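Computation of the quantities below employed the complete heavy-atom set of this structure, encompassing side-chain atoms and omitting hydrogens, waters and symmetry-equivalent molecules. Chain naming here is simple, since letters A, B, ... match the order of the sequence lines and numbering starts at 1 in each. Only a predicted model underlies this, so the values are computations on that prediction, with no experimental measurement involved.
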Amino acid sequence: MIKAVTGTKDTLPGEINKWKYLENIVHDVFSHFNYKEIRTPVFEETILFARGIGEETDIVGKEMYSFLDRSETNLTLKPEMTASVVRAYIEHSLGNQQPLNKLFYISPMFRQERPQAGRLRQFHQFGGEALGSTSPYLDAEMIQMSFHILKQLGLNDLTVKINTLGVPASREIYKQKLKSFLQDKKHLLSADSKKRFDTNILRIFDSKVDEDQQLLKEAPTLLEYLDDDSRNDFDLLMKAISSAGIPFEIDPKLVRGLDYYTKTTFEIISGKVGSQSALCGGGRYDLLIEELGGKPTPGVGFAAGIERILLACENEKSFTLPDDSLDLYIVKLDKELSNVIFDSASFFRRVNYTVDYDYLDRSVKAQMREANKMNARFVLFIGGDEFKSGFCNLKNMISGEQYQVPVNQLDQILNYFKNAS
RNA sequence: GUGAGCGUAGCUCAGUUGGUUAGAGCACCAGGUUGUGGCCCUGGGGGUCGUGGGUUCAAUUCCCAUCGCUCACCCCA
């Protein structure tokens, strides 16, 4: 048997309604904030991600699905969306058409990691990007939108964490301070953190090892070395999300792994999804667009993992799906009447009723069981003596009541429907 | 890439201290009198016991390998 590739999943009919439910909320919230949807190809030239995300990151270093196509072009299935959005923004000069572009997306992403709870190799994200303004109110908007979507899905076990990384200059000064602070304690660090010491020292804060965290307790914090501009924006951001009624905590340890972040970073985590608890994360990237060859343009955005969110929803039983029951099931009493059944089903479907009937020539009892299983509100019986004399029976499946109606006046049945519902 | 656990019907799981036709519940199908559901009853279909090799008179049960799944580390959404 050929099976789906490791880390990929089929979404079967029983589950698709949850996705649609979520997608509807996503569309709804983004459009209320006046964000416009953008779609980009699933693959791009590899160099886009290498340059945008950072050569040194794990994503670029060991997780990308990269391959040469038949004309020897080095392509990569997109591991995240921001680089693609920025590429499209530059390529189509969106910045010249209007000074601020507010965009959102829902799209599959690909990273070759070891699958675990809330982590797949093909996974799906929705997210927003605002390109063209340094206003911290846009940062606030990102947090607001993502929080709002999660709330609309009925999630409660949420923690919003925010931090600011400042501008590169102040961050460099801080990195030096941190380095000298840890220098003589380096031998006490875990193996992973020793590596981080050289590659990306800020990530040591991410360590789950207790000893590492103990050592860091006395460490200087980034906030102490912030430039005035970043500090001011951070203050405005906190005020804004406070007045939006969003509870948050400042987490100086929140250091995004992608190279392009500046100033604000944030994350919303759930206590209901296992160890991959970040449902969404994002931040400001004021230097990325320039880095990718565009005019210097500030930007801010976030991405959210749909599988993780759905997992949290499942575990919190956070919402119930609207029912997708049938309005009408047509029961065929005589096998010869298939064409009549077909025509009447067409009639009801044309006027937007959800209708189904039996295609397997099964017994009336089996047809009734089917109607019941599909939660049909009404059953129409066609056939037998009453059909010959121009009538058929309509049964209300909830009350059990049954009425005889003229078969050449199906519109009268429609009236009955409307009155009954 | 590292580590741990698990692989028996569509699903959730029993079971075999190695021994003839491998079980249950749910789901599915058909019946329970002539053309009518939800409950109930009866019957039925469906499993190379993940795959390959080894030990044995005999393996689904023991051993080895392999593949897959799950969770965690790492990293991230």
Side-chain angles (χ1 to χ4, degrees), chain A residues 1-7 9 12 14 53 56-63 79-82 106-127 146 150 190-193 195-196 199-200 203 206-209 254-258 265-270 273-283 301-312 329-335 337 360 362-387 392-402:
Chain A
M1 181 171 47
I2 299 173
K3 295 197 281 191
V5 172
T6 297
K9 276 214 160 39
L12 300 174
I53 301 170
E56 299 307 316
T57 61
D58 278 20
I59 292 179
V60 173
K62 48 190 192 194
E63 296 172 1
E80 61 106 46
M81 192 65 176
T82 303
I106 302 178
S107 172
M109 307 290 163
F110 307 84
R111 298 206 271 245
Q112 188 163 1
E113 301 178 90
R114 198 70 156 258
Q116 78 186 74
R119 189 166 76 188
L120 291 167
R121 291 184 173 181
Q122 178 178 171
F123 60 104
H124 298 76
Q125 294 185 328
F126 64 82
S146 48
L150 299 176
S190 65
D192 280 327
S193 288
K195 254 181 265 166
R196 294 176 179 123
T199 54
N200 189 348
R203 297 215 64 83
D206 259 356
S207 174
K208 288 176 187 170
V209 180
L254 181 58
V255 183
R256 310 253 86 221
L258 282 54
T265 61
F266 79 96
E267 204 166 82
I268 301 179
I269 64 174
S270 162
V273 289
S275 80
Q276 303 302 314
S277 57
L279 298 187
C280 69
F302 79 94
I306 295 180
E307 284 85 354
R308 279 180 197 183
I309 291 171
L310 256 15
L311 206 59
Y329 190 91
I330 304 176
V331 167
K332 177 166 45 174
L333 298 177
D334 303 309
K335 288 189 168 73
L337 291 175
L360 303 173
R362 299 201 284 186
S363 69
V364 173
K365 188 192 194 80
Q367 293 182 66
M368 285 305 286
R369 283 186 170 149
E370 184 79 353
N372 190 60
K373 200 165 64 191
M374 294 188 165
N375 252 309
R377 290 165 55 231
F378 292 91
V379 165
L380 185 65
F381 296 92
I382 294 183
D385 292 339
E386 72 269 27
F387 181 74
C392 50
N393 285 313
L394 181 69
K395 179 168 188 165
N396 181 327
M397 290 293 275
I398 294 150
S399 67
E401 292 171 290
Q402 197 159 306

Polar side-chain atom of [X] near backbone of [Y] as donor-acceptor pair, under 3.5 Å:
X        : Y        : value
A/Arg121 : A/Pro115 : no
A/Arg362 : A/Gln367 : no
A/Arg111 : A/Pro79  : yes

Looking at the side chain of [X], which of [options] is the nearest nucleotide?
X        : options             : result
A/Arg362 : B/G32, B/A30, B/G3  : B/A30
A/Arg203 : B/U70, B/C76, B/C73 : B/C76
A/Lys395 : B/A72, B/A30, B/G37 : B/G37
A/Ala303 : B/A77, B/G32, B/C74 : B/A77
A/Arg114 : B/C69, B/A72, B/U36 : B/A72
A/Leu333 : B/A77, B/C73, B/G35 : B/G35
A/Lys3   : B/A77, B/C74, B/G68 : B/G68
A/Met397 : B/G35, B/G37, B/C74 : B/G37
A/Arg369 : B/U36, B/C75, B/G38 : B/G38
A/Met368 : B/C71, B/C76, B/G37 : B/G37

Sticking with atom [atom1], work out how far [N] lies from [M], rounded to a whole angstrom.
N     : M     : atom1 : answer
B/U21 : B/G25 : C1'   : 22 Å
B/G7  : B/C13 : C1'   : 13 Å
B/G1  : B/U60 : P     : 32 Å
B/G53 : B/U48 : C1'   : 16 Å
B/C71 : B/G31 : P     : 43 Å
B/G32 : B/U51 : P     : 40 Å
B/C74 : B/U2  : P     : 16 Å

What is the nucleic acid contact for A/Gly274, judged by heavy atoms within less than 4.0 Å: base, sugar-phosphate only, or nothing?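 Sugar-phosphate only.
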Under a 3.5 Å cut-off for both contacts, is [N] paired Watson-Crick or G-U wobble with anything, and if yes, with which nucleotide?
N     : value
B/U20 : none
B/G37 : none
B/A77 : none

Whole angstroms only, please: what is the [atom1]-[atom2] distance between [X] and [N]?
X        : N     : atom1 : atom2 : answer
A/Asn372 : B/C29 : CG    : P     : 13 Å
A/Leu311 : B/C76 : CG    : C1'   : 15 Å
A/Glu113 : B/C71 : CD    : P     : 14 Å
A/Arg111 : B/C74 : CZ    : C1'   : 13 Å
A/Gln402 : B/G35 : CD    : C1'   : 10 Å

Can a side chain N or O of A/Gln116 be found less than 4.0 Å away from OP1 or OP2 on B/A72? yes
Hey, is CD on A/Glu401 packed in by over 12 heavy atoms from elsewhere, all under 6.0 Å?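 Correct, the count exceeds 12.
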Which of these, A/Glu307, A/Glu113, A/Glu63, sits in a salt bridge (Lys or Arg N to Asp or Glu O under 4.0 Å) with A/Arg119?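 Filter result, single survivor: A/Glu113.
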Could you walk me through whether A/Leu337 and A/Phe387 pass the side chain to side chain contact (heavy atoms under 4.5 Å, CB included) test, one step at a time? CA-CA 10 Å; A/Leu337 291 175; A/Phe387 181 74; 3.7 Å; yes
